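Remember, predicted model here, so these are calculated numbers, not experimental data. Because only heavy atoms are used, hydrogens play no part in the values below, and waters and symmetry mates are left out as well, while side chains stay in. We name chains A, B, ... by the order of the sequence lines, and we start the count at 1 in each one.
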Protein chains: 2
Amino acid sequence: MKCKQTIRRRDASATKAAILGAARTLFAGASYETVGIREIAALAGADAALVSRYFGSKEELFHEVLRDGKRGADLLGTEMEGLPERVAAILMDPEDEGKSMEDILIFLHSANSPLAGEMVRDSIMERFHGPFSEAIGGENAMERAKLFGAMLLGISISEQISGAIAETPEMREKLTVRIAEILAKVIEPL
Amino acid sequence: MKCKQTIRRRDASATKAAILGAARTLFAGASYETVGIREIAALAGADAALVSRYFGSKEELFHEVLRDGKRGADLLGTEMEGLPERVAAILMDPEDEGKSMEDILIFLHSANSPLAGEMVRDSIMERFHGPFSEAIGGENAMERAKLFGAMLLGISISEQISGAIAETPEMREKLTVRIAEILAKVIEPL
DNA sequence: ACCGTAAGTCAACAGGTGATGACATTTTAA
DNA sequence: TTAAAATGTCATCACCTGTTGACTTACGGT
């Protein structure tokens with residue numbers, strides 16, 4: 001009697017979504033080569049064979065994860081007024097745990113992968129640096145956008161690695177203000 | 001007639017050093033699992049078997065690479081006067097190509113590895129955040145040191161991924177000043 | 001010059017990877 | 001109800017990984 005506990009009813013699109021979500025989560029935590037198909041399938045509660053079946057290959061699955069991500073502008077908003085404060089608040093939100101910055105973490109972990117690297121670098125340009133430098137506008141917008149991205153990246157990955165920088169709520173508040181100031185300085189025209 | 005071009009004379013300590021150097025270079029560019037022993041050996045101009053033989057295992061080799069790295073304080077100096085300017089100059093130096101920040105890149109790429117992650121996180125604390133927060137001193141030194149590290153990390157990895165932010169020498173100069181200002185603000189007491 | 005030992009090479013291993021095709025089961029439609 | 005289509009499972013493949021042992025080659029002391 002073979003009977004594996006199937007949580008959800010047979011539903012191709014639902015399992016496909018579950019796999020995509022699991023892949024997103026895992027790729028945010030480690031590089032393209034480190035994350036295995038079986039691992040993704042396990043987290044999604046599906047069979048490993050379905051990953052290849054539904055997405056064609058691991059590489060295409062990863063591509064789909066990238067396509068599925070939010071654009072930087074969607075996350076941060078295009079309204080420049082109060083942007084540093086908004087972003088700082090997201091970065092320091094203890095509930096968030098880097099979920100808002102998931103795309104950035106995915107970028108980071110696989111940007112140097114021999115197989116997925118080029119894909120990632122294109123995606124960074126198209127989905128982040130591009131729209132964001134447009135939102136900033138003015139002279140040297142791209143340079144300032146890249147610097148801004150570098151800050152987000154640094155803080156996000158640092159928190160993922162070493163845990164939250166701020167431990168107490170008061171410290172968090174102070175740091176939020178500080179980071180907002182820094183980000184404002186980053187965007188400031190050169 | 002088996003005759004492989006042996007560049008250097010037979011010298012165990014020299015090959016060991018070559019392997020260590022190659023490993024350092026490659027681990028700065030990709031994660032612990034992504035970099036293969038055969039790849040390391042090829043770059044070092046040695047046989048793959050020697051890697052395991054001389055270092056015991058890939059894990060121990062990686063450990064050695066970490067131990068071999070400079071301490072953050074060595075690289076940046078403990079003299080606080082003019083530190084932001086100095087660091088900014090290193091970050092924007094087009095000749096450097098992230099070589100000074102190699103340790104940081106190594107940290108970054110393998111910090112989330114299931115096998116090497118813990119090792120790396122310990123190393124970050126011991127070799128970077130620790131001495132650096134001591135050098136900064138004052139209240140909330142650790143928090144400011146972590147934020148400082150996050151900036152270095154973000155800029156280094158961003159440059160490695162997308163190439164240099166500044167393309168012209170003038171732009172580079174402007175950005176160096178800007179980054180120095182930012183770093184100064186980061187260190188500033190909370 | 002020779003021989004022992006250090007240094008390097010090669011082939012093979014066990015285990016893990018992504019991928020695939022045959023099979024089993026559930027769902028849907030007639 | 002029953003057959004066909006859709007969905008999920010399993011066993012297996014070829015390849016790649018880190019590691020090891022047996023082998024060959026080169027060096028240095030006598």
Using atom types as modelled, flag every donor-acceptor pair under 3.5 Å from a side chain in residues 116-131 of chain A to any protein atom, sequence neighbours excluded.
residue : atom : partner : partner atom : Å
R121(A) : NH1  : A111(A) : O            : 2.7
R127(A) : NH2  : R67(A)  : O            : 3.3
R127(A) : NH2  : G69(A)  : O            : 2.4

Identify every side-chain donor-acceptor pair in residues 159-172 of chain B under 3.5 Å, counting partners at least two apart or on other chains, and give the distances.
residue : atom : partner : partner atom : Å
E159(B) : OE2  : I165(B) : N            : 2.9
Q160(B) : NE2  : A28(B)  : O            : 3.1
T168(B) : OG1  : M171(B) : N            : 3.1

Protein N or O to nucleotides 3-5 of chain D N or O, pairs below 3.5 Å:
none

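Comparing E59(A) and D11(B) by the nucleotide of DNA chain C that holds the closest heavy atom to each, the one mapping nearer the 5' end is D11(B).
Rounded to a whole Å, the CG atom of L61(A) is 15 Å from the C1' atom of dT17(C).
Among residue pairs with one or both ends in residues 130-155 of chain B, those qualifying as ring-ring contact (aromatic ring centres under 6.0 Å, His included) are F132(B)-F148(B); sequence neighbours excluded.
In the set dT9(C), dG18(D), dA7(C), the nucleotide with an atom closest to the side chain of L50(B) is dT9(C). Taking every side-chain heavy atom of R38(B) into account, dG18(D) is the closest of dG18(D), dA22(C), dG8(C).
Donor-acceptor pairing under 3.5 Å, judged by distance alone, is absent between the side chain of R9(A) and the base of dT26(C). You won't find any donor-acceptor pair under 3.5 Å spanning the side chain of R53(B) and the base of dT19(D), going by distance alone.
Proximity of residues 12-28 of chain B to DNA chain C (heavy atom under 4.0 angstrom from any strand atom) is restricted to A12(B), T15(B).
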### Task
Please report the C-alpha distance between I157(B) and M101(B) in whole Å, then the side-chain angles of each, then the deciding distance to 0.1 Å, and finally whether the side chain to side chain contact (heavy atoms under 4.5 Å, CB included) criterion is met.
CA-CA 9 Å; I157(B) 186 63; M101(B) 299 293 160; over 6 Å; no
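Counting non-hydrogen atoms under 4.0 angstrom, F55(A) reaches nothing in the nucleic acid.
No hydrogens or angles considered: a donor-acceptor pair under 3.5 Å links the side chains of T34(A) and S31(A).
Annotation: side-chain hydrogen bond (donor to acceptor under 3.5 Å, both in side chains) contacts of E102(B) (sequence neighbours excluded): R24(B).
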